[in-house]
Asks: 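Here you go, one structure.
In what follows, chains carry the letters A, B, and so on, assigned in the order in which the sequence lines appear, proteins first and then strands, with residues in each chain numbered from 1. Since we're looking at a predicted model, the values are computed, not measured.
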There are 2 protein chains.
Amino acid sequence: MTAKQKPRYQQLKDHIITRISSGELRPTDRVPSENELVASMSVSRMTANRALRELTDEGYVERIAGRGTFVSDFRSRSHVLEVHNIADEIERRGGVHSCEVVRNSRQHARGEIARALHVDQGVEVFHLLLVHCEDGTPIQVEDRHVVADFAPECGDQDFHAVTPSAYLTAISPLQEAEQVVRAQQPNAAVRARLQMAEHEPCLVVIRRTWSRGRPVTFARLHHPGSCYELTGHYAPPGTPKSTPADVVQLENLQR
Amino acid sequence: MTAKQKPRYQQLKDHIITRISSGELRPTDRVPSENELVASMSVSRMTANRALRELTDEGYVERIAGRGTFVSDFRSRSHVLEVHNIADEIERRGGVHSCEVVRNSRQHARGEIARALHVDQGVEVFHLLLVHCEDGTPIQVEDRHVVADFAPECGDQDFHAVTPSAYLTAISPLQEAEQVVRAQQPNAAVRARLQMAEHEPCLVVIRRTWSRGRPVTFARLHHPGSCYELTGHYAPPGTPKSTPADVVQLENLQR
DNA sequence: TGGACTAGCCTGTATATACAACTTGGCAGG
DNA sequence: CCTGCCAAGTTGTATATACAGGCTAGTCCA
């Protein structure tokens, strides 16, 4: 029983995806043109066109008529990975982002962290603890573990300038994410860092992110319930952009 | 300054989408085959193929080689609309769903409700208040308003058997959704209905849903923080399915 | 020197054609 | 009556070809 042969355009897509996720082709790099693929891969231009067009739809590449095809900057890939960076999020709504780095240390993974990151007990990971502020008000505690051999320079980064999320994205495209959202009372340490009133709840996002087929980082993000919300808009592909004014109106609906 | 002519395949897509969202073509209905489109729309088969293939990718239709093309059952459209139905969600994890209908009344929209639903003050809406339980434990308070002329039979429905979400989906495909998630302390009424301890936070989902181009329903969903989470998995199109066992492991990560 | 033009590459679309694989229904033979 | 087979319709893929339109670099001319 031999495996069924994949169609030619799919082989082409796989080939290019492999070159991207291996790091051989990096964001903004030029991808072979349709005619180059015709020559090098022995396909017709329509087949090359289909492969590249579908990669565009899936967010891997961007195409500019007259110039060529280029690997996407993955920051704008998915709805979620897009909102992954709190600094961008704050800036987008006109606030000023600042952050305090409480901890940036190298540790040995234990227990749940090792399991979440699919590494053995004792493997080295970085442990980051940051407090992000919008206009000086604390808005997120980021408690993150990063597999050390994925980001060996992590300990030397200045996370005031570039958030961990932006840094990790720059190393290699983050391709898959899994998250859990819950409402929870914070422990005393988190409450103090977020300057929260007693009994005020936290919105907690627990997120694990994959790159090149393995989990590379695991983050627990605490936000004060009184001043943070997750928003989302879901429309079929091809729908005109949403009306931001309307969204704001909805957000102000308090009881 | 004339508007730029849309490409032929896009006109074809628009034509079919119009027939679907107008209700002329309903879920499971057969869509004209490629050859029929060639004849009726004067395009080549490759162009018809591209239109139908993209509609497949976008979730509007499903295609079966040898049989034909059929309008999708929209329940499985988007990541979010899929999880829209709490009864399915409970059933999927092996629980038993039950629910208490606290209120199902016809009202006149006022203030924020009218604005959220894009209707004038005084227009008739249904107001639903339900408590959903998993294995007898209250897990969600659903406080929903529905535009009356979208679902005129709403008042006669038995929402023990079919949740509002399933009912509304059956009337017409829900095509767009907008939601806000926050952590909040419940008021006394909600806390009592969910049998929550004092100071226990709620995970609140506020969701507005569109059909045929206008908002038709607006819901406030309160969940007890101690026993409810939103989960999500985000992967590029074409990635093999996630590993559920792993997700469970992550969810159990408590502190 | 500077500006206009053009050749050459690129993507985007459209068509005609071909073959493969799948599904269904009907028909012929047992 | 049942079984097996085949024909017709459908989707899925692949190719060759054509033309339109965007972009760039280099050339030519004033």
Asks: At less than 4.0 Å, is any side-chain N or O atom of B/T47 found next to OP1 or OP2 of C/dA14? Yes or no.
Replies: no

Asks: Between B/R53 (CZ) and D/dA14 (C1'), how many Å, whole number?
Replies: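 About 12 Å, once rounded to whole Å.
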
Asks: Would you kindly give the CZ-to-C1' distance between A/F70 and C/dC10, to the nearest whole Å?
Replies: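 The distance from CZ of A/F70 to C1' of C/dC10 comes to 9 Å, rounded to the nearest Å.
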
Asks: Would A/N85 and A/E89 satisfy side chain to side chain donor-acceptor pair (under 3.5 Å), going step by step from the backbone distance to the final call?
Replies: CA-CA 6 Å; A/N85 190 351; A/E89 186 183 324; over 6 Å; no

Asks: Have a look at A/E36 and say if it touches a base, only the backbone sugar-phosphate, or nothing, with a 4.0 Å heavy-atom cut-off.
Replies: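 Sugar-phosphate, no base atom in range.
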
Asks: Taking atom C1' of D/dA20 as reference, at what distance in whole Å does atom CD of B/Q5 sit?
Replies: 13 Å

Asks: Please confirm whether the backbone N or O of A/I20 pairs with a side-chain atom of A/R26, one donor and one acceptor, at under 3.5 Å?
Replies: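 No; judged by distance alone, with no hydrogens or angles, the pair does not exist.
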
Asks: Please determine whether salt bridge (charged side-chain N to carboxylate O under 4.0 Å, His left out) holds for the pair A/E54 and B/R53, giving the CA-CA distance in whole Å, both sets of side-chain angles, and the decisive distance to 0.1 Å.
Replies: CA-CA 11 Å; A/E54 292 193 2; B/R53 182 153 40 78; 3.6 Å; yes

Asks: Between B/K13 and B/E58, is the closest basic N to carboxylate O distance under 4.0 Å?
Replies: yes

Asks: Please confirm whether the shortest side-chain N or O distance from A/Y9 to OP1 or OP2 of D/dT13 is below 4.0 Å.
Replies: yes

Asks: Should the ring pair B/H223 and B/Y228 be called parallel, tilted or perpendicular, given that the plane angle runs from 0 to 90° and is split at 30 and 60?
Replies: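 Judged by the thresholds at 30° and 60°, the geometry between B/H223 and B/Y228 is parallel.
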
Asks: Can you tell me how far apart CG (B/L128) and CD (B/Q157) are? Round to the nearest 0.5 Å.
Replies: 10.0 Å

Asks: Go ahead and write out DNA chain C as dot-bracket, 5' to 3': ( ) for pairs within the strand, [ ] for ones crossing earlier pairs, | when the partner sits on another strand, dots for unpaired; Watson-Crick or G-U wobble, both distances under 3.5 Å.
Replies: ||||||||||||||||||||||||||||||

Asks: Would you tell me whether A/H97 and A/E134 have side-chain atoms, one donor and one acceptor, within less than 3.5 Å of each other?
Replies: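 A/H97 vs A/E134: no donor-acceptor pair found between side chains.
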
Asks: When the distance from CG of B/N35 to C1' of C/dA18 is rounded to whole Å, what number comes out?
Replies: 14 Å

Asks: Under the criterion side-chain hydrogen bond (donor to acceptor under 3.5 Å, both in side chains), which of B/R63, B/E62, B/E36 is the partner of B/T69?
Replies: B/R63

Asks: Report the distance from atom CD of B/E34 to atom P of D/dA14, rounded to the nearest whole Å.
Replies: 15 Å

Asks: Do any N or O atoms of the protein come closer than 3.5 Å to N or O atoms of nucleotides 19-25 of chain C, and which pairs are they?
Replies:
none

Asks: Let's see if you can work this out: which of C/dT15, D/dT11, C/dA14 has an atom nearest to the side-chain heavy atoms of B/V43?
Replies: C/dT15

Asks: Rounding to an integer number of Å, can you tell me how far B/R63 CZ sits from D/dG9 C1'?
Replies: 13 Å

Asks: On the nucleotide D/dA14, are OP1 or OP2 found under 4.0 Å from the side-chain N or O atoms that A/S44 carries?
Replies: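 Answer is no, no contact under 4.0 Å.
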
Asks: Any salt bridge between A/D14 and A/R19, counting N to O under 4.0 Å?
Replies: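 Judged by the 4.0 Å cut-off on N to carboxylate O distance, A/D14 and A/R19 do not form a salt bridge.
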
Asks: Please report the distance, rounded to the nearest Å, between CG in B/L37 and C1' in C/dA14.
Replies: 15 Å

Asks: Any luck finding a side-chain donor-acceptor pair between A/T217 and A/R144 under 3.5 Å?
Replies: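 A/R144 and A/T217 do have a side-chain donor-acceptor pair below 3.5 Å.
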
Asks: Could you give the CG-to-P distance, from A/N49 to C/dC10, as a whole number of Å?
Replies: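 That distance rounds to 14 Å.
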
Asks: Reckon B/T69 has a side-chain N or O less than 4.0 Å from the OP1 or OP2 of D/dT11?
Replies: yes

Asks: Of B/R30 and A/M46, whose nearest nucleotide on DNA chain D comes first from the 5' end?
Replies: B/R30

